[in-house]
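Below is one structure, written out as structure tokens, with a few remarks after it.
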Amino acid sequence: MKIVYMGTPDFAVQALELLYKSEYEVVLVVTQPDKGRDRGKKVQFPPVKEKALELGLRVSQPEKIKGNEEFIEELEKLKPDLIIVAAYGKLLPKSVLEIPRVGCINIHGSLLPKYRGAAPIHWAVINGEQETGVTIMHMEEGLDCGDMISKASTLIGKKTTAMLHEELSILGAQLLLNTLPGICDGTAERVKQENEKATYAPMVFKKDGHLDFTKSPKELEQFIRGFNSWPGAYAILGEENMKIWESYDLEKENGSAIGTITKVSAQGIEVSSGGGTLQITKIQMPGKKPMMVSDYLKGNKLIEGTLLK
RNA sequence: CGCGGGAUGGAGCAGCUGGAAGCUCGUUGGGCUCAUAACCCAAAGGUCAGAGGUUCAAAUCCUCUUCCCGCAA
């Protein structure tokens with residue numbers, strides 16, 4: 001089996017590595033172009049490129065695919081049996097989807113048809129879902145709408161997006177390897193997605209992390225967990241951005257104005273929010289590392305009554 | 001060479017207009033107490049990131065290096 005692997009971030013690294021160790025032959029790794037300078041220094045390679053180079057695999061980084069005749073020809077010449085896509089970052093045109101003999105399959109970080117799109121894990125956490133998972137599916141034109149082949153799920157509980165990212169990348173890689181034999185010999189089942197149940201999980205950006213304290217403590221806690229570790233939730237304290245890494249819903253009434261710091265202790269910072277009290281326990285100030293509030297207070301002061309915006 | 005913050009005892013910080021290294025917390029020992037994460041007393045613990053330079057004297061000024069982080073991408 002000749003396989004072309006397409007993926008970009010950390011989420012896609014695990015599957016590449018497992019594939020490499022398996023009996024399948026990875027003939028080409030396609031990933032996004034290198035990013036701009038990292039804090040003014042060196043260029044950053046996408047994680048998948050790093051891994052591919054380490055494994056000695058051929059890497060291709062087309063700027064765009066649609067209409068890129070040169071790249072599509074290159075793919076056709078390889079005559080891959082299968083293309084596997086994991087968080088590549090761009091939609092593939094029909095001309096590419098039709099190249100491999102067996103087809104194109106995708107590892108997606110949600111239990112489809114829920115959370116189609118770029119940030120399925122983030123939104124599952126933010127929305128307070130009980131569980132999430134990975135789905136292996138056939139690719140069709142359109143966003144994450146192809147027939148499903150297999151799924152694996154996990155409980156969310158109090159896990160952060162970062163934790164689920166790692167967990168699901170491993171789960172997805174294992175599921176892929178378990179599912180591949182059936183895909184190759186055509187015995188794998190195909191289940192149509194119930195389109196009317198589909199939801200969309202758009203990309204999240206740094207500016208989306210600004211906390212809105214009119215929301216309930218429960219929603220805020222989920223939001224903060226969903227934005228951990230990237231892009232990070234934050235509130236504005238004075239003139240500075242205070243990034244918030246961990247919080248709890250105290251399930252306690254709070255009569256103060258929304259956003260007011262009502263109590264400061266080694267346990268955390270209590271903030272009045274929609275219908276209750278949120279306790280912030282781990283924060284990060286600009287230029288500093290993330291730290292527990294108890295550590296922050298050893299050398300800094302926080303006055304009760306201050307307003308977070 | 002995108003902009004900027006930072007590196008000081010275990011932790012978080014102050015000191016940085018140069019002249020004997022400090023605060024809060026923690027740790028250890030002791031005391032008080034029915035008791036305590038509370039209080040009181042005492043002690044240990046730092047080559048001030050590294051390398052050069054200026055100076056009678058550098059954590060503090062100048063140069064270079066390494067590492068951490070925020071913003072922008």
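Letters A, B, ... mirror the listed sequences (proteins, then strands); counts begin at 1. Quick note: numbers below take in every heavy atom, side chains included, and nothing from hydrogens, waters or symmetry partners.
Connection of A/Leu177 to A/Val134 is established within a shared hydrophobic cluster, with ILVMFWY side chains joined at heavy-atom distances below 4.5 Å, either directly or through further cluster members.
Here A/Lys2 does not pair with A/Asp81 in a salt bridge; the nearest charged N to carboxylate O distance is not below 4.0 Å. Salt-bridge check for A/Lys77 with A/Glu74: failed, with every basic side-chain N at 4.0 Å or more from each acidic carboxylate O. A salt bridge is absent between A/Lys218 and A/Glu251; no separation between the charged side-chain nitrogens and carboxylate oxygens falls under 4.0 Å.
Of the listed nucleotides (B/rC25, B/rC13, B/rG70), B/rC25 has the atom at the smallest distance from the side chain of A/Lys298. Checked against B/rC68, B/rG70, B/rG12, the side chain of A/Pro286 finds its nearest nucleotide in B/rG70. If you check B/rC71, B/rA11, B/rC13 against the side chain of A/Met291, the one that comes closest is B/rC13. Closest to the side chain of A/Lys289, out of B/rA11, B/rC13, B/rC68, is B/rC68.
Between the NZ atom of A/Lys282 and the C1' atom of B/rA11 there is a distance of 14 Å, given to the nearest Å. One can place OH of A/Tyr296 at 17 Å from P of B/rC25, the figure rounded to the nearest angstrom. For the pair A/Lys301 NZ and B/rC25 C1', the computed distance is 14 Å after rounding to whole Å. In this structure, A/Met285 places its CE atom 10 Å from P of B/rC13, rounding to the nearest Å. Between the P atom of B/rG12 and the CG atom of A/Leu302 lies a distance of 16 Å, rounded to the nearest Å. Whole-Å rounding puts the A/Asp295 CG to B/rC25 C1' distance at 9 Å. Following rounding to the nearest Å, A/Asn241 (CG) and B/rC69 (P) show an atom-to-atom distance of 17 Å. One interatomic measurement links the two molecules: CG of A/Asn300 to C1' of B/rC23, which rounds to 13 Å at whole-angstrom precision.
Both distances falling under 3.5 Å, in either a Watson-Crick or a G-U wobble arrangement, occur for no nucleotide opposite B/rG18. If you check B/rA11 for Watson-Crick or wobble pairing at under 3.5 angstrom, you find it paired to B/rU24. The pairing partner recorded for B/rG4 is B/rC69, the criterion being a Watson-Crick or G-U wobble arrangement whose two distances lie under 3.5 angstrom. Nucleotide B/rU33 has no partner under the Watson-Crick or G-U criteria, as no pair reaches both atom distances under 3.5 Å. B/rC64 is paired with B/rG50 under the Watson-Crick or G-U wobble criterion, all donor-acceptor distances under 3.5 Å.
More than 12 heavy atoms of other shown residues, nucleotides or ligands fall within 6.0 angstrom of atom OH in A/Tyr88. The neighbour count for A/Glu166 CD, taken as heavy atoms of other residues, nucleotides or ligands under 6.0 Å away, does not exceed 12. Environment of CD in A/Glu239: sparse, with no more than 12 heavy atoms of neighbouring residues, nucleotides or ligands closer than 6.0 Å.
Taking atom C1' on both B/rG46 and B/rU33, the two are 36 Å apart, rounded to the nearest angstrom. Comparing the C1' positions of B/rU28 and B/rG10 gives a spacing of 13 Å, expressed to the nearest Å. Using C1' as the reference atom, B/rA37 and B/rU27 are 15 Å apart when rounded to the nearest Å. Taking atom C1' in both B/rU8 and B/rC48, one finds a spacing of 4 Å when rounded to whole Å. Using atom C1' as the reference point in both B/rC69 and B/rA49, the two lie 15 Å apart (nearest Å). Spacing between B/rG22 and B/rC39 at atom C1', rounded to whole Å, works out to 24 Å. For the P atom pair drawn from B/rA59 and B/rA21, the interatomic distance equals 8 Å after rounding to whole Å. A gap of 27 Å separates the P atoms of B/rC62 and B/rG70, to the nearest Å.
Here the options are A/Leu308, A/Asn241, A/Leu211, the test is side-chain contact (heavy atoms from CB on, under 4.5 Å), and the partner is A/Ile236; only A/Asn241 passes.
Judged purely by atom type and a 3.5 angstrom limit, A/Ser265 uses its side chain to pair as donor or acceptor with the backbone of A/Gln267.
Within residues 223-236 of chain A, no residue has any heavy atom under 4.0 Å from RNA chain B.
Contact between the side-chain N/O atoms of A/Lys288 and the OP1/OP2 oxygens of B/rC68 is not found at any separation under 4.0 Å. Checking the phosphate oxygens (OP1, OP2) of B/rG70, a side-chain nitrogen or oxygen of A/Gln284 falls inside 4.0 Å.
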